[in-house]
Amino acid sequence: MPELPEVETMVRGLRPALLGRKLRRLEVLDPSLIQVGSAAELSRHGRGATVLDVGRRGKWVVMTLADSRGIIVIQPRMTGGFWLLKPERPDHIRLTFHLDKPRAIVWYCDTRRLGKIAWYRDAQDAECAFERSQGPDALEIGRDQLAERLSRTGRGIKPTLMDQKVLAGIGNIYADEVLHQARIHPERGARNLSTVELDRLHRAISEILQTAIALEGSSFDAGYRTVLGLEGGFLAQNAVYGRENLPCRSCSTPILKTKILGLIGRPTYYCPRCQTR
DNA sequence: CGGTTACCCTGGATGC
DNA sequence: TGCATCCAGGGTAACC
């Protein structure tokens, strides 16, 4: 579910609740989500551990435990998310963080159970895992580095932007928003962009993601919410995603919804006038 | 090897 | 109301 802005919003919400806090207990309710490590290791190292840091790599949440208790990595994927201060017990809890002094609870829930949980012994192990499956973070990649990575594939620009090994953090919503702002058609070849288009694309990635973070991400239906249960504000002002047949905010041409090669069933929204082939 | 598809899950919306 | 179908923001394994 969440892309980079939603995961960043989760992390910012978790920090005040977790940083420096001691875990009385880490309760694993669904061991099948654990991809690396085991429920026993998570419980053993979580018990009594202090949370040293909560951060993000691409779409992954990274929790560092003090005193060599290891690193917990959570990939929320489509429907994973955290709850703080929820009065009633939510559905589909997969992990419960029981905090000590004062006692409090942080829930990690995942309706569809597509998300993954991993425990690594140390930062180096976690770093290896990250580098195996992720390219540079979308907020940190440089313009020339982006150009170089896009030139290495024969695919279209949209599936390439969504490939986490090329750059980490962009999914289906923000790929469409970024391409609209950069005025690039989603079916253009990733390696065929002009210098000017690459400049616009690099700038759009940064600006769209920063704007979305400032608005606490994108919410619709029963999907992503902030850790406090609030909806993100980005989809109230976005350019194309979910706006089929509505007028483009730049030129008033109706937004098109299509399916494109390389992206199985996912929808793509774009403006046929602003985004030419 | 690079690119494309099937599939992992569940719940809500829609259509008959 | 009941049942079937479709759809969803992600990612990986298997296939061509």
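All chains are named by letter (A, B, ...) in the order of the sequence lines, taking the proteins before the strands, and each is independently numbered beginning at 1.
Helical stems of DNA chain B (runs of at least 3 Watson-Crick or G-U pairs, donor-acceptor distances under 3.5 Å) are listed by first residue: B:2-8 with C:10-16, B:10-16 with C:2-8.
Within residues 170-179 of chain A, the residues having any heavy atom closer than 4.0 Å to DNA chain C are, in order of number, A:Gly171, A:Asn172, A:Ile173. Annotation: proximity of residues 151-162 of chain A to DNA chain B (heavy atom, distance under 4.0 Å) is found for A:Thr153, A:Gly154, A:Arg155, numbered in ascending order. Listed by residue number, the members of residues 125-136 of chain A with any heavy atom below 4.0 angstrom from DNA chain C form an empty set.
Counting all heavy atoms, side chain and backbone alike, A:Pro2 lies closest to A:Gly80 at CG-O, 3.9 Å.
Checked for salt-bridge contact, A:Arg12 and A:Glu216 miss the test: no charged N lies under 4.0 Å from a carboxylate O.
Judged as a ring-ring contact (aromatic ring centres under 6.0 Å, His included), and not counting sequence neighbours, A:His92 has no contacts. Every residue two or more places apart in sequence or in another chain that forms a salt bridge (Lys or Arg N to Asp or Glu O under 4.0 Å) with A:Arg277 is listed here: A:Glu187. With sequence neighbours excluded, the residues satisfying ring-ring contact (aromatic ring centres under 6.0 Å, His included) with A:His45 are A:Trp119. When the ring-ring contact (aromatic ring centres under 6.0 Å, His included) test is applied to A:Tyr269, the partners found at least two apart in sequence or on another chain are A:Tyr241.
Between the P atom of B:dT5 and the CD1 atom of A:Ile260 lies a distance of 12 Å, rounded to the nearest Å. Atoms OH (A:Tyr241) and P (C:dC7) sit 12 Å apart, rounded to a whole Å. Atom CG of A:Leu263 is separated from atom C1' of C:dA8 by 14 Å (rounded to the nearest Å). One atom, CD of A:Gln75, and another, P of C:dT12, lie 7 Å apart when rounded to the nearest Å. For the pair A:Leu150 CG and B:dG3 P, the computed distance is 12 Å after rounding to whole Å. Rounded to an integer number of Å, the gap from CG of A:Asp110 to P of C:dG9 is 15 Å. When the P atom of B:dG3 is taken as reference, atom CG of A:Asp163 falls 9 Å away, rounded to whole Å. Atoms CD (A:Gln35) and P (C:dG11) sit 11 Å apart, rounded to a whole Å.
Counting heavy atoms of neighbouring residues, nucleotides and ligands inside a 6.0 Å radius, atom CZ of A:Arg152 exceeds 12 of them. Residue A:Arg188 qualifies as enclosed at atom CZ: its count of foreign heavy atoms under 6.0 Å is above 12. Within 6.0 Å of atom CZ in A:Arg121, 12 or fewer heavy atoms from other residues, nucleotides or ligands are found, so the atom counts as exposed in its surroundings.
We find the CG-CG distance between A:Leu198 and A:Leu193 to be 5.0 Å, quoted to the nearest 0.5 Å. Put simply, CZ on A:Arg69 and OG1 on A:Thr50 are 8.0 Å apart, with the number rounded to the nearest 0.5 Å.
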Strictly under 3.5 Å: I want the nitrogen or oxygen pairs between protein and nucleotides 9-12 of chain B, one per line.
unit_1: B:dC9; atom_1: O2; unit_2: A:Arg112; atom_2: NE; d: 2.6
unit_1: B:dC9; atom_1: N3; unit_2: A:Arg112; atom_2: NH2; d: 3.3
unit_1: B:dG11; atom_1: OP1; unit_2: A:His92; atom_2: NE2; d: 3.4

Could you list all N or O pairs between the protein and nucleotides 14-16 of chain C that sit under 3.5 Å apart?
none

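Here A:Lys116 lies out of heavy-atom contact (under 4.0 Å) with every strand.
A distance-only check finds a donor-acceptor pair linking the side chain of A:Glu6 to the backbone of A:Ser218 [under 3.5 Å]. Using modelled atom types, one side-chain atom of A:Gln164 and one backbone atom of A:Met162 make a donor-acceptor pair closer than 3.5 Å. Remark: the backbone N or O of A:Ala147 is not paired with any side-chain donor or acceptor of A:Arg143 at under 3.5 angstrom. Remark: the backbone N or O of A:Thr96 is not paired with any side-chain donor or acceptor of A:Glu27 at under 3.5 angstrom.
The phosphate of C:dT12 has neither OP1 nor OP2 within less than 4.0 Å of any side-chain N or O from A:Lys165.
Linking Ile, Leu, Val, Met, Phe, Trp and Tyr residues whenever their side-chain heavy atoms come within less than 4.5 Å leaves A:Leu4 and A:Leu14 in two separate clusters. Note on A:Ile205 and A:Ile173: same hydrophobic cluster, where clusters join Ile, Leu, Val, Met, Phe, Trp and Tyr whose side-chain heavy atoms are under 4.5 Å apart, directly or indirectly.
Which of C:dA8, C:dG11, C:dG9 sits closest to the side chain of A:Tyr224 comes down to C:dG9. Comparing C:dG9, B:dT4, C:dG11 by their closest approach to the side chain of A:Leu261 singles out B:dT4.
Side-chain heavy-atom separations under 4.5 angstrom define the hydrophobic clusters, and A:Leu261 shares its cluster with no other residue. Under the 4.5 angstrom side-chain criterion for Ile, Leu, Val, Met, Phe, Trp and Tyr, the cluster partners of A:Val36 are A:Trp60, A:Val62, A:Ile71, A:Val73, A:Tyr120, A:Phe130.
With both ends at atom P, the span from C:dG11 to B:dC1 equals 23 Å, rounded to whole Å. Taking the C1' atom of each, C:dG9 and B:dG3 are spaced 23 Å apart, rounded to whole Å.
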